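Here's the structure, in structure tokens; my notes come after.
Atom set for the values below is all heavy atoms of this structure, side chains included, hydrogens, waters and symmetry mates excluded. Small disclaimer: the values here were computed from a predicted structure and weren't measured.
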Amino acid sequence: MPHFKEEYDIVIIGSGLGGLLCGYVLAEEGKSVCILEKNAQIGGNLQTFKRDKVKFDSGVHYIGGLEKGQALYPFFRYFNLMDNVEKELLDKDAYDVISFENDGIHYPHGQGYENFVLQLLKYFPQEEKGLRKYCEEIKRICEKFEWYNLAKDYSETDEMSTFSLSAKEVIASCTGNQKLQQVLAGSNLLYAGEGESSPFYIHALIIDSYIGSAYKLKHSDQISKQLRKDIKKMGGDIFIDTEVTKIHNTPKLIEYVELANGQKVRGKQFISNIHPTRTFSLLNTEGLRKVNVNRMLQLDNTTSSFIMYIKLKPDTFKFSNSNRYHFIDGDVWSAHKYEPDNWLKALAIFNSRPNANTDYAHTLTAMAYMKYEDVKKWENSFNTTLSESERSDEYMKFKKEKAEEIIAALCKIYPDFDKCIESWYTATPLTQRDYIGTMEGGLYGIKKDYNAPVKSFISANTKLENLFLTGQNVILHGVLGVTISAMVTCQFILGKKHMLDKLKAFV
């Protein structure tokens, strides 16, 4: 049984990136920190796994904004990650490539705003004005976010004004060229883009960071391993295989959390890095305002995914230093809408190579949207590292059929691709639910909706005076979004000015 201190200053539920970053900040401030993780591996979306002697990243494939003067740079310096994470700059002229079925052109997204415009002008020579307007709109929105611009001093911010702008509509206002609109929105699988709901600020913050600089990570678990090492060095405790099953609280504050084995962990303050709905389902909600509780228990989540992890035969598939977003069905804003017999509408494709000295990839990951309803009939089966269990033959058949559809689609994109495959593995919305801990396997947590921005806005501060939230459901998902979310969480504990001053020293 784990040995806990009598009481911690900070108890953190969940060791996703947000929980680890909060743990680092607070341990560095001299607070006693305890991080509780239900799985065998820390890191949430940063987790990796090995199959057939090859390592795969489960979620994070590339990160942006890492050059001096860009959004993620001061955070990576502060968190001791800049020199301790192996990374490789993606193709400067095409970090992402957008492609469409029956259109032979590979539309590039280039790094650097000027280069971004120049690369697309090759295919849209009449659209310079529209491309420049699009870039200006992104910059204008990004400037409204204080934590995104640590080099500037803000007396007040105007973030909320951006929440009700539609991504699809703002892009359409920049150019009337419908193909260019699709190309500019073509990497929207990064935020599960939906034409009827996705806000422009999410598009802008993500795309700005990658246009700044886009890096492929050697492996995403480097980040969690380095943070764990430093947190432990600063005296923090991290426990794996330790699931919180109940939060004991009064209507005012949390007293302790109870684990699956019956142990109690006491703390002065608590941070939940797990989904807000899951957090509130663990609370005693008597005495809490029903309207707040019901809102937290009924949040809409982003769609989930079916992911195929492929080990490639040696020296068969040329490595591409770009990510690929390929649309089988023309409209990039509706890939999440499909009928069961016409499921596969878009693919995000990432490849990796064992080292920079080879021209050939050794793995390829292909991700497609998949609704939780597609696997709901098997939802009462669970499979985690703690309790591995085989799901039914019917489920295995379902996975095989979907994998074969993806292979057929990949063969259209890369002729004879099937001859390059050595072995493959799959993940469904149930896999995301069990291993990453997301609600219904949601790709990016809570669904943000520009039509009702307040409804999906989650504050890091809760009505319980010693409970705070962090992670991809607060502010934004992704490495950059979760990093900012962790800073916002910590500012409620340490003070905003203190946090800003601390980070500004690393700009």
Side-chain angles (χ1 to χ4, degrees), residues 9-10 12 16-31 33 63-85 138-163 201-202 204-206 208-209 212-213 223 226-227 230-231 234 236 268-273 457-462 465-507:
D9 292 324
I10 310 284
I12 300 172
L17 178 60
L20 292 171
L21 294 174
C22 287
Y24 184 106
V25 170
L26 296 160
E28 204 236 3
E29 287 283 326
K31 293 185 180 290
V33 169
I63 54 177
L66 265 184
E67 303 286 349
K68 189 166 182 170
Q70 293 171 8
L72 199 53
Y73 175 84
F75 297 109
F76 259 54
R77 282 193 62 210
Y78 167 70
F79 286 110
N80 193 29
L81 294 170
M82 191 61 84
D83 299 323
N84 290 305
V85 171
I138 288 180
K139 291 183 206 169
R140 182 179 73 80
I141 294 299
C142 291
E143 279 176 6
K144 294 180 183 288
F145 289 80
E146 184 169 20
W147 281 103
Y148 197 87
N149 298 282
L150 289 173
K152 295 184 178 179
D153 288 315
Y154 287 76
S155 53
E156 57 184 71
T157 61
D158 188 21
E159 295 171 7
M160 290 295 282
S161 68
T162 71
F163 291 0
Y201 81 92
I202 289 182
L205 291 169
I206 292 170
D208 177 78
S209 74
S213 57
I223 295 174
Q226 184 62 40
L227 290 169
D230 287 336
I231 290 166
M234 293 185 283
K268 291 174 185 163
Q269 292 175 306
F270 295 79
I271 296 172
S272 178
N273 184 210
F457 178 79
I458 302 295
S459 173
N461 201 12
T462 74
E465 58 189 55
N466 65 343
L467 172 64
F468 306 91
L469 306 177
T470 200
Q472 68 174 359
N473 298 293
V474 180
I475 315 287
L476 189 63
H477 63 271
V479 171
L480 175 59
V482 171
T483 300
I484 292 173
S485 146
M487 298 304 100
V488 170
T489 303
C490 290
Q491 84 181 23
F492 284 111
I493 296 169
L494 301 170
K496 184 175 182 181
K497 186 177 185 309
H498 178 79
M499 287 296 302
L500 281 168
D501 288 348
K502 177 177 275 212
L503 267 297
K504 280 176 185 287
F506 293 88
V507 168

Are the side chain of [X] and the backbone N or O of [Y] linked by a donor-acceptor pair below 3.5 Å?
X: Ser485; Y: Ile475; answer: no
X: Gln70; Y: Gly212; answer: yes
X: Thr489; Y: Ala460; answer: no
X: Lys504; Y: Lys152; answer: yes
X: Asp208; Y: Lys139; answer: no
X: Asn273; Y: Gly19; answer: yes

Legend entry - ring pair (Phe, Tyr, Trp, His ring centres under 6.0 Å) partners of Phe468, counting only residues at least two apart: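 Once residues adjacent in sequence are excluded, Phe468 has no partner under the ring pair (Phe, Tyr, Trp, His ring centres under 6.0 Å) criterion.
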Inset, instruction - State which residues pass ring pair (Phe, Tyr, Trp, His ring centres under 6.0 Å) with Tyr201; sequence neighbours excluded, sorted by chain then number. - result: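 Ring pair (Phe, Tyr, Trp, His ring centres under 6.0 Å) check on Tyr201 returns Phe145, Phe163.
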Inset, instruction - Can you sort out the partners of Lys144 under salt bridge (Lys or Arg N to Asp or Glu O under 4.0 Å), two or more places apart, ordered by chain and number? - result: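 With neighbours one apart ignored, the set is Asp158.
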Which heavy atom of [X] sits nearest a heavy atom of [Y], and at what distance?
X: Val33; Y: Ile12; answer: CG1-CD1, 4.1 Å
X: Glu146; Y: Glu159; answer: N-OE2, 3.5 Å
X: Ser213; Y: Leu66; answer: OG-N, 2.9 Å
X: Leu469; Y: Ser459; answer: CD1-O, 3.8 Å

Do [X] and [Y] make a side-chain contact, defined as non-hydrogen atoms from C-beta onward lying under 4.5 Å apart?
X: Leu150; Y: Leu500; value: yes
X: Leu480; Y: Ile63; value: no
X: Ile271; Y: Ile10; value: yes
X: Trp147; Y: Gln491; value: yes
X: Lys502; Y: Leu494; value: no
X: Thr483; Y: Phe79; value: yes
X: Val488; Y: Met499; value: no
X: Tyr73; Y: Val507; value: no

Legend entry - Flag if over 12 foreign heavy atoms under 6.0 Å of CG, Asp83: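 Counting other residues, nucleotides and ligands, CG of Asp83 stays at 12 neighbours or fewer.
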Legend entry - Nearest-0.5 Å distance that lies between atom SG in Cys22 and atom CG in Leu227: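 Here the interatomic distance stands at 11.0 Å.
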Legend entry - Under 3.5 Å side-chain donor-acceptor pair for Tyr24 and Asn80: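 Their side chains do not contain a donor-acceptor pair, so the 3.5 Å distance test is not met.
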